Amino acid sequence: LSRDEVLAIMHKYDVDNNGYIDRLEFQTMVLERIKGKSFQEEAARAFKLLEDPDLPGYITKESVRRAAQETGEKLSEAELGEMFDQLVTGQAAAAVDFPTFCSIQYAA
């Protein structure tokens with residue numbers, strides 16, 4: 001997505017106009033956007049957006065940081081660390097592969 005497309009999505013779904021998409025707003029957006037698409041298709045698309053170009057097949061802290069910067073999303077180091085926490089991913093790793101990503105998304 002281009003920056004303008006992301007900003008349009010933010011404008012549409014940030015109902016409280018606080019500049020962030022909270023969990024409920026995100027769920028609303030995802031449910032509207034995936035109508036007619038399978039979980040696997042959408043997970044693959046999301047994974048591709050976050051995939052580390054230097055480590056194909058994996059999402060890393062650096063690739064998430066890059067994606068956040070590209071979209072203007074504010075992401076603290078603590079938030080980034082939580083995404084890769086062993087309690088979230090089920091494994092102690094600096095990178096998440098597609099099956100793990102799908103498991104995390106399905107559990108959420």
Side-chain angles (χ1 to χ4, degrees):
L1 297 174
S2 71
R3 179 173 170 72
D4 289 340
E5 289 171 315
V6 171
L7 291 174
I9 291 168
M10 286 285 297
H11 179 73
K12 179 177 180 180
Y13 293 100
D14 182 19
V15 295
D16 57 7
N17 294 312
N18 67 355
Y20 298 96
I21 299 292
D22 63 29
R23 186 179 181 99
L24 183 58
E25 293 165 336
F26 180 75
Q27 288 173 336
T28 301
M29 176 188 68
V30 169
L31 290 174
E32 284 184 18
R33 293 184 58 87
I34 65 171
K35 286 181 183 173
K37 296 181 184 176
S38 74
F39 171 80
Q40 194 75 7
E41 289 172 321
E42 286 302 310
R45 184 168 181 242
F47 188 87
K48 264 311 201 202
L49 292 172
L50 297 171
E51 187 174 24
D52 191 319
D54 297 325
L55 192 60
Y58 292 90
I59 296 171
T60 62
K61 287 181 182 180
E62 187 55 40
S63 66
V64 172
R65 185 181 293 115
R66 174 193 44 80
Q69 288 172 343
E70 287 176 0
T71 60
E73 179 67 29
K74 293 178 172 93
L75 187 64
S76 72
E77 287 301 312
E79 291 169 319
L80 188 58
E82 288 175 13
M83 291 178 191
F84 289 86
D85 185 273
Q86 185 173 0
L87 293 175
V88 174
T89 65
Q91 60 188 1
V96 174
D97 61 10
F98 185 67
T100 303
F101 176 77
C102 288
S103 296
I104 293 167
Q105 297 304 309
Y106 188 73

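In this text the structure is predicted, and so the values were computed from the model without any measurement. Positions are given from 1, in the same order as the sequence printed here.
- Between Glu25 atom CD and Met10 atom CE the span is 8.0 Å, to the nearest 0.5 Å.
- Contact detail for Tyr20 and Lys74: the closest heavy-atom pair is OH-CD, 3.4 Å.
- Taken together through direct or relayed side-chain contacts under 4.5 Å among Ile, Leu, Val, Met, Phe, Trp and Tyr, Leu24 and Ile9 form parts of separate hydrophobic clusters.
- No side-chain N or O of Asp52 forms a donor-acceptor pair with one of Ser63 less than 3.5 Å apart.
- We find the OG1-CD distance between Thr71 and Glu5 to be 13.0 Å, quoted to the nearest 0.5 Å.
- Taking each heavy atom of Leu49 and Ala67 in turn, the nearest pair found is O-CB, 4.4 Å.
- Screening residues 55-71 for salt bridge (charged side-chain N to carboxylate O under 4.0 Å, His left out) gives Glu62-Arg65, Arg65-Glu77, Arg66-Glu70 as the qualifying pairs, with residues at least two apart or on separate chains.
- Looking only at distances, a side-chain donor or acceptor of Glu51 sits under 3.5 Å from a matching main-chain atom of Gly57.
- Between the OG1 atom of Thr100 and the OH atom of Tyr58 there is a distance of 8.5 Å, given to the nearest 0.5 Å.
- In this structure, the side chains of Phe84 and Val96 come closer than 4.5 Å at one or more pairs of heavy atoms.
- Both Met83 and Phe101 belong to a common hydrophobic cluster when Ile, Leu, Val, Met, Phe, Trp and Tyr are linked at side-chain heavy-atom distances under 4.5 angstrom.
- For the atom pair CD1 of Ile21 and CG of Asp14, the computed distance is 5.0 Å after rounding to the nearest 0.5 Å.
- Residues Leu7 and Met29 fall into different hydrophobic clusters, defined by Ile, Leu, Val, Met, Phe, Trp and Tyr side chains chained together at heavy-atom separations under 4.5 Å.
- Placement of Phe26 and Val15 in two distinct hydrophobic clusters is found when ILVMFWY residues are connected by side-chain heavy-atom separations under 4.5 Å, directly or transitively.
- We find the OG1-CZ distance between Thr28 and Arg23 to be 11.5 Å, quoted to the nearest 0.5 Å.
- Atom CZ of Phe98 is separated from atom CG of Leu50 by 11.5 Å, given to the nearest 0.5 angstrom.
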